[in-house]
**Student:** 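Quick one: the structure is below, and I'll ask about it shortly.
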Amino acid sequence: MVLILGPVGSSSIELPFFSSRVSAGFPSPAQDHMEQTLSLDELLDIDAPHTYLVRAEGDSMIGAGILDGDVLVVSRALTGRNGDVVIAAINGETFVKRLILRGEELVLQSENPKYPPRYVLEGDDLLIWGVVTDSIRRHRSHG
């Protein structure tokens, strides 16, 4: 399941981008390591108004690195290809799943063995609402 948050507008905000990598330990980025500024629009390949955000619900996509509560960046400008993670609606129910094409067969595959694949059957009303390009995960709660 997904919760649609809305379209993404372009932003002129640029953040400092440091060339030093962080492994384990306590990083101490200094101004002289700053390589450039980086726009989140560029980093996340945001193409407004063709990009929108949804919040993932549940654990069916944990094998793809998508956890409950993650914000997904979705492009409507891309056509779903075999193996893409997509936002799909079948008969009005919205999912985030991996799109699998096997000849004439179309499958929406979970990335958690607890959940069976969803085969698209003749007569199903299928809409692909976009391709998931990125996910954003909060590591500290607000407040």
Side-chain angles (χ1 to χ4, degrees), residues 1-29 33-143:
M1 296 287 292
V2 293
L3 173 67
I4 298 173
L5 300 175
V8 177
S10 60
S11 170
S12 61
I13 297 173
E14 292 189 346
L15 301 172
F17 180 68
F18 294 90
S19 62
S20 59
R21 295 184 182 259
V22 178
S23 57
F26 186 77
S28 179
H33 290 306
M34 190 168 82
E35 191 172 292
Q36 62 188 17
T37 58
L38 183 65
S39 161
L40 290 179
D41 294 348
E42 291 175 28
L43 178 65
L44 299 176
D45 201 21
I46 293 175
D47 182 18
H50 304 290
T51 303
Y52 66 96
L53 302 175
V54 299
R55 186 175 304 278
E57 294 180 351
D59 64 352
S60 70
M61 294 301 288
I62 59 174
I66 298 173
L67 305 181
D68 183 45
D70 284 356
V71 173
L72 307 178
V73 179
V74 182
S75 173
R76 293 183 299 168
L78 299 174
T79 300
R81 296 185 305 209
N82 187 40
D84 281 343
V85 174
V86 298
I87 304 300
I90 297 181
N91 304 324
E93 190 174 359
T94 310
F95 303 93
V96 56
K97 298 289 180 218
R98 187 165 308 280
L99 180 65
I100 304 295
L101 305 170
R102 295 183 190 131
E104 297 295 314
E105 190 175 57
L106 196 144
V107 181
L108 296 175
Q109 180 72 47
S110 296
E111 292 287 334
N112 183 334
K114 291 189 337 187
Y115 300 96
R118 174 56 163 93
Y119 293 87
V120 179
L121 305 174
E122 187 175 328
D124 279 342
D125 183 24
L126 171 69
L127 295 171
I128 303 293
W129 287 1
V131 176
V132 175
T133 59
D134 297 277
S135 61
I136 303 168
R137 179 172 306 128
R138 179 166 296 281
H139 292 275
R140 184 177 184 194
S141 62
H142 289 270

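Values below: every heavy atom of this structure, side chains too, minus hydrogens, waters and symmetry copies. Quick caveat: nothing in here was measured; it's all calculated off a predicted structure.
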**Student:** For Asn91 and Asp125, test the side chains for any donor-to-acceptor distance below 3.5 angstrom and give the result as yes or no.
**Tutor:**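 No donor-acceptor contact under 3.5 Å links the two side chains.
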**Student:** Tell me the closest heavy-atom pair linking Arg98 and Glu111, and the distance in Å.
**Tutor:**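 Scanning both residues, the minimum pair turns out to be NE-OE2, 2.6 Å.
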**Student:** Taking all non-hydrogen atoms of both residues into account, name the closest pair between Lys97 and Ser60 and its distance.
**Tutor:**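 Heavy-atom minimum between the residues: NZ-OG, 2.8 Å.
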**Student:** Looking only at atom types and distance, does a side-chain atom of Arg55 sit under 3.5 Å from a main-chain N or O of Gly69, one as donor and one as acceptor?
**Tutor:**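 Answer holds: yes.
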**Student:** Drop me the distance from Gln109's CD to Tyr119's OH, to the nearest 0.5 angstrom.
**Tutor:**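 Result: 7.0 Å between the selected atoms.
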**Student:** Roughly how far, to the nearest 0.5 Å, is NE2 of His139 from CD1 of Ile136?
**Tutor:**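 Result: 11.0 Å between the selected atoms.
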**Student:** Under 3.5 Å, which donor-acceptor pairs link side chains of residues 79-89 to any protein atom two or more places apart or in another chain?
**Tutor:**
from, atom 1, to, atom 2, distance (Å)
Asn82, OD1, Leu101, N, 2.8
Asp84, OD2, Arg81, N, 2.8

**Student:** To the nearest 0.5 Å, how far apart are CD1 in Ile90 and CG in Leu108?
**Tutor:**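 Reported value, rounded in 0.5 Å steps: 4.5 Å.
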**Student:** Could you report the tightest heavy-atom contact between Ser135 and Gly65, atom names first, then the distance?
**Tutor:**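 The answer is OG-O, 4.5 Å.
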**Student:** For residues Gly58 and Asp68, report the shortest heavy-atom separation together with the two atoms involved.
**Tutor:**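 Heavy atoms of Gly58 and Asp68 come nearest at N-OD1, 2.8 Å.
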**Student:** Within the 4.5 Å heavy-atom criterion, are Val96 and Val132 side-chain neighbours or not?
**Tutor:**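 The answer is yes; the side chains approach within 4.5 Å.
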**Student:** I'd like to know if the side chain of Asn112 and the backbone of Lys114 have a donor-acceptor N/O pair within less than 3.5 Å.
**Tutor:**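 Yes; judged by distance alone, with no hydrogens or angles, the pair exists.
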**Student:** Is the closest side-chain heavy-atom distance between Asp124 and Arg118 below 4.5 Å?
**Tutor:**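 The answer is yes, as the side chains (C-beta and beyond) meet within the 4.5 Å cut-off.
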**Student:** Which of these, Val71, Val74, Thr94, sits in a side chain to side chain contact (heavy atoms under 4.5 Å, CB included) with Val54?
**Tutor:**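 Option passing the side chain to side chain contact (heavy atoms under 4.5 Å, CB included) with Val54: Val74.
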**Student:** If you look at every heavy atom in Arg76 and Trp129, which pair is closest and at what distance?
**Tutor:**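 Taking Arg76 first and Trp129 second, the nearest heavy atoms are CG-O, 3.3 Å.
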**Student:** Identify the heavy atoms of Ile100 and Arg102 that sit nearest to each other, and give their distance.
**Tutor:**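 For Ile100 and Arg102, the tightest heavy-atom pair comes out as CG2-NE, 3.8 Å.
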**Student:** With no hydrogens and no angle check, just 3.5 Å: does a side-chain donor-acceptor pair link Tyr115 and Asp59?
**Tutor:**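 Note: Tyr115 and Asp59 side chains meet the donor-acceptor criterion.
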